[in-house]
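Okay, structure first, notes after.
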There are 2 protein chains.
Amino acid sequence: MFPALDPLLHSELRLAVVSLLMSVDEADFTYIKEQTGATSGNLSVQIDKLTAAGYITVEKGFKGKMPRTTCRITPSGMEAFKGYVKALKKYIAVGK
Amino acid sequence: MFPALDPLLHSELRLAVVSLLMSVDEADFTYIKEQTGATSGNLSVQIDKLTAAGYITVEKGFKGKMPRTTCRITPSGMEAFKGYVKALKKYIAVGK
DNA sequence: AATATTTGGTTTATATTATAAACTTGTTTA
DNA sequence: TAAACAAGTTTATAATATAAACCAAATATT
């Protein structure tokens with residue numbers, strides 16, 4: 001009746017990050033930080049967790065001389081997101 | 001862009017409990033436990049939190065000689081649930 | 001030129017949370 | 001009457017989210 005919710009995605013910030021990455025080809029740290037309103041520390045930690053899970057990839061490079069961290073969602077991350085949304089709908093579709 | 005999610009509802013078990021109570025007039029402890037698959041301890045704690053928040057009410061009585069705990073959602077709980085669902089949709093409606 | 005500030009993060013610490021394990025009280029059954 | 005069961009509650013633990021503190025390099029200021 002109530003399927004388990006992937007704990008990696010059932011987190012406000014991680015869900016926002018993955019949701020954002022679903023809608024764009026890539027996004028860098030600063031942009032994600034702006035869009036989500038997260039603190040750097042929190043974002044850094046959550047990006048690490050998503051990376052460790054294989055849900056996103058991180059590429060570190062430079063924009064001019066400044067460091068730049070670019071994130072992308074992986075096919076596995078897309079699947080996980082879709083699964084999470086599907087599961088969640090069992091919770092929020094009242095009276096069905 | 002990503003609205004805050006009510007932390008009281010952003011919990012797998014509490015969300016299941018509230019979701020369940022949205023769909024019925026009332027439900028007792030044992031029934032909720034069956035439907036959610038939760039352990040008694042966990043359910044007891046989460047029911048307390050929802051009660052403290054004013055999202056549900058708890059009525060203790062007896063069915064014959066056995067104790068019975070009946071839960072109902074409050075108007076405030078209904079509002080909170082609706083708000084949570086609305087906020088959540090910003091996260092799961094990709095590409096909109 | 002030296003110093004201060006900003007950028008782009010990482011690491012570490014803390015406070016909260018979810019969850020399970022252990023316990024309690026009373027009831028039914030063998 | 002003793003064992004098992006019902007219906008929970010309380011307490012302990014492990015995981016989590018989050019913020020605070022820190023760091024290195026680049027840029028701006030005096």
Side-chain angles (χ1 to χ4, degrees), chain A residues 2-20 26-53 55-72 80 84 87-88 91, chain B residues 2-20 26-53 55-72 80 84 87-88 91:
Chain A
F2 294 107
L5 298 174
D6 182 344
L8 253 142
L9 293 181
H10 197 66
S11 141
E12 187 164 346
L13 182 50
R14 285 196 302 270
L15 186 62
V17 169
V18 169
S19 174
L20 186 58
E26 59 174 57
D28 59 30
F29 191 96
T30 304
Y31 178 75
I32 298 173
K33 190 181 170 217
E34 281 166 13
Q35 294 297 310
T36 59
T39 61
S40 302
N42 194 8
L43 184 55
S44 180
V45 169
Q46 306 311 328
I47 281 178
D48 278 358
K49 288 190 185 175
L50 290 170
T51 304
Y55 286 3
I56 68 173
T57 57
V58 168
E59 196 194 334
K60 279 167 185 304
F62 288 87
K63 183 169 52 178
K65 289 178 178 174
M66 296 301 263
R68 188 184 58 163
T69 299
T70 306
C71 302
R72 281 185 190 78
Y84 175 78
L88 201 56
Y91 288 76
Chain B
F2 293 106
L5 298 175
D6 182 344
L8 252 141
L9 292 181
H10 196 66
S11 141
E12 188 164 345
L13 183 49
R14 286 196 301 270
L15 185 61
V17 169
V18 169
S19 175
L20 185 59
E26 60 172 57
D28 60 31
F29 191 96
T30 304
Y31 178 74
I32 298 174
K33 191 181 170 220
E34 282 167 10
Q35 294 296 311
T36 60
T39 60
S40 302
N42 194 8
L43 185 55
S44 180
V45 169
Q46 307 312 328
I47 282 177
D48 278 358
K49 289 189 183 174
L50 290 170
T51 305
Y55 287 3
I56 68 173
T57 56
V58 168
E59 196 195 333
K60 281 168 184 302
F62 289 87
K63 184 171 52 181
K65 288 177 178 174
M66 297 302 263
R68 188 183 62 162
T69 298
T70 306
C71 302
R72 281 185 191 76
Y84 175 77
L88 201 56
Y91 289 76

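Residue numbers begin at 1 in each chain, while the letters A, B, ... track the order of the sequences.
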inquiry  = Under 4.0 Å, counting only non-hydrogen atoms across every strand here, what does A/Lys60 touch: a base, just sugar-phosphate, or nothing?
reply    = sugar-phosphate

With B/Glu34 via salt bridge (Lys or Arg N to Asp or Glu O under 4.0 Å) - residues at least two apart = none

key: Nearest atoms (heavy-atom pairs only) where B/Ile32 meets B/Val17   = CG2-CG2, 3.9 Å

message = Check this one for me: any side-chain N or O of A/Ser44 less than 4.0 Å away from OP1 or OP2 of C/dT10?
response = yes

request  = Take the angle between the ring planes of A/His10 and B/His10 and call it parallel below 30°, perpendicular above 60°, tilted in between.
outcome  = parallel

query = Could you give the CD1-to-P distance, from A/Ile47 to D/dT18, as a whole number of Å?
reply = 14 Å

query = For the pair made of NZ in B/Lys33 and P in D/dT9, what is the distance, rounded to whole Å?
reply = 12 Å

key: Where protein sits on nucleotides 14-30 of chain C, one letter per nucleotide: B base, S sugar-phosphate only, - none, heavy atoms under 4.0 Å   = ----SBSB-----SS--

message = Without decimals, in angstroms, what is the distance between A/Asp48 CG and C/dT12 P?
response = 12 Å

task = Pick base, sugar-phosphate or nothing for B/Thr30, based on heavy-atom distances below 4.0 Å to the nucleic acid.
result = sugar-phosphate

request  = Provide the closest heavy-atom pair for A/Leu5 versus A/Tyr84 in the form atom of the first, atom of the second, distance.
outcome  = CB-CE1, 4.1 Å

ask   = Rounded to the nearest Å, what distance is computed from the NZ atom of residue B/Lys63 to the P atom of nucleotide D/dA7?
value = 6 Å

Nearest-Å distance for atom pair CD1/P, residues B/Ile32 and D/dT9 = 11 Å

task = Using the side-chain hydrogen bond (donor to acceptor under 3.5 Å, both in side chains) rule, collect all pairs that involve residues 36-45 of chain B, keeping only residues at least two apart or in two chains.
result = B/Lys33-B/Ser40, B/Asn42-B/Gln46

query = Rounding to a whole Å, what distance do you find between A/Leu43:CG and D/dT18:C1'?
reply = 12 Å

Over all atoms of both residues, closest heavy-atom pair of A/Leu8 and A/Arg14 = O-NE, 2.5 Å

